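Structure first, then comments.
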Amino acid sequence: MPKAKGKSRRHKYSYNLNRKRLYRSARRRAAPRIACSHIRHAWDPHKSVAQNLAEMGLAEDPNKAVPIPKKLLVSVGMEVESDGQQLGKKIVRKPYVVNEMELEASLPEKKSNTLSRDLIDYVRYMIQNHGENYKEMARDEKNYYQDTPKQIKRKINVYKNFYPEEYKDFIASLKPEKMEVQ
């Protein structure tokens, strides 16, 4: 089958094309990406970034919002503070944005890490059949990944840390079974 026409030809670089200008104009037209939903809902696309943030009571430049006083060292050894610049108070027209953000930040963070169901079943099986004997666990036929005794111990400790109540209940349920066997 023949090749498509023009594919074997070498492409020429256009030296007269101004790529910086093309990139800059495309960037200028794009709306800013706003991650926070509170800011996104209060955003006015007809105003500049500085105006929008000032209306919400947020700072455009954190270095200007909370100035750090510069200390000048004099050769005698005394420290002299330069006077901090006092910025005029700006009118906050949308204070609810900052209030909602503070409320959201004060909420406790949820624990989202969980263990896989396979790992939980593996750990429960090993503890149920071998107790605390990690060497036996390593020789067990269900040890498909050929974990060493230390690796198995580490997995059991991870399970203990992630689900402490569930682990205690599981251990408590094992004790009556052992008593019945003896």
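Position 1 is the first residue of the sequence; numbering continues from there. On a predicted model such as this, the values are computed, not experimentally measured, just so you know.
- To the nearest 0.5 Å, atoms CZ (Arg93) and CD (Glu55) are separated by 5.0 Å.
- For the atom pair NZ of Lys153 and CE of Met126, the computed distance is 16.0 Å after rounding to the nearest 0.5 Å.
- When all heavy atoms are compared, the tightest approach of Cys36 to Met101 is SG-CG, 4.0 Å.
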Checking Ile127 against Tyr122 for the side-chain contact (heavy atoms from CB on, under 4.5 Å) test, could you report, in this order, the C-alpha distance in whole Å, the side-chain angles of both residues, the deciding distance, and whether it holds? CA-CA 9 Å; Ile127 293 172; Tyr122 172 76; over 6 Å; no
Could you go through residues 163-171 and list every donor-acceptor pair under 3.5 Å that involves a side-chain atom there, pairing it with any protein atom two or more places apart or in another chain?
unit_1, atom_1, unit_2, atom_2, d
Tyr163, OH, Leu115, N, 3.4
Glu166, OE2, Tyr159, OH, 3.0

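- The two residues Val97 and Ala42 have their closest heavy-atom pair at CG2-CB, 3.5 Å.
- Separation of atoms CD (Gln51) and NE2 (His46) is listed at 12.5 Å; rounding is to 0.5 Å.
- The number of heavy atoms from other shown groups lying within 6.0 Å of CZ (Arg40) is above 12.
- Counting only heavy atoms from C-beta outward, the side chains of Ile39 and Leu58 approach each other to under 4.5 Å.
- Here Asn133 contributes atom CG and Asp140 contributes atom CG; the two are 11.0 Å apart, rounded to the nearest 0.5 Å.
- In the hydrophobic clustering of this structure, Val49 groups with Met56; members are Ile, Leu, Val, Met, Phe, Trp, Tyr whose side-chain heavy atoms approach within less than 4.5 Å, directly or through other members.
- Listed for the Asn143 side chain is no donor-acceptor partner under 3.5 Å among the backbone atoms of Arg139.
- Legend: residues meeting ring pair (Phe, Tyr, Trp, His ring centres under 6.0 Å) with Tyr15, ordered by chain and number and at least two apart, are Tyr13.
- Separating the OH atom in Tyr134 from the CD atom in Glu132 is a distance of 4.0 Å, to the nearest 0.5 Å.
- In this structure, Asn52 contributes its side chain and Asp44 its backbone to a donor-acceptor pair below 3.5 Å.
- Taking NE2 of His130 as the start and CD1 of Ile152 as the end, the distance is 8.0 Å to the nearest 0.5 Å.
- Within a 6.0 Å sphere centred on NZ of Lys155, other residues, nucleotides and ligands contribute more than 12 heavy atoms.
- No side-chain donor-acceptor contact under 3.5 Å links Lys142 to the backbone of Tyr125.
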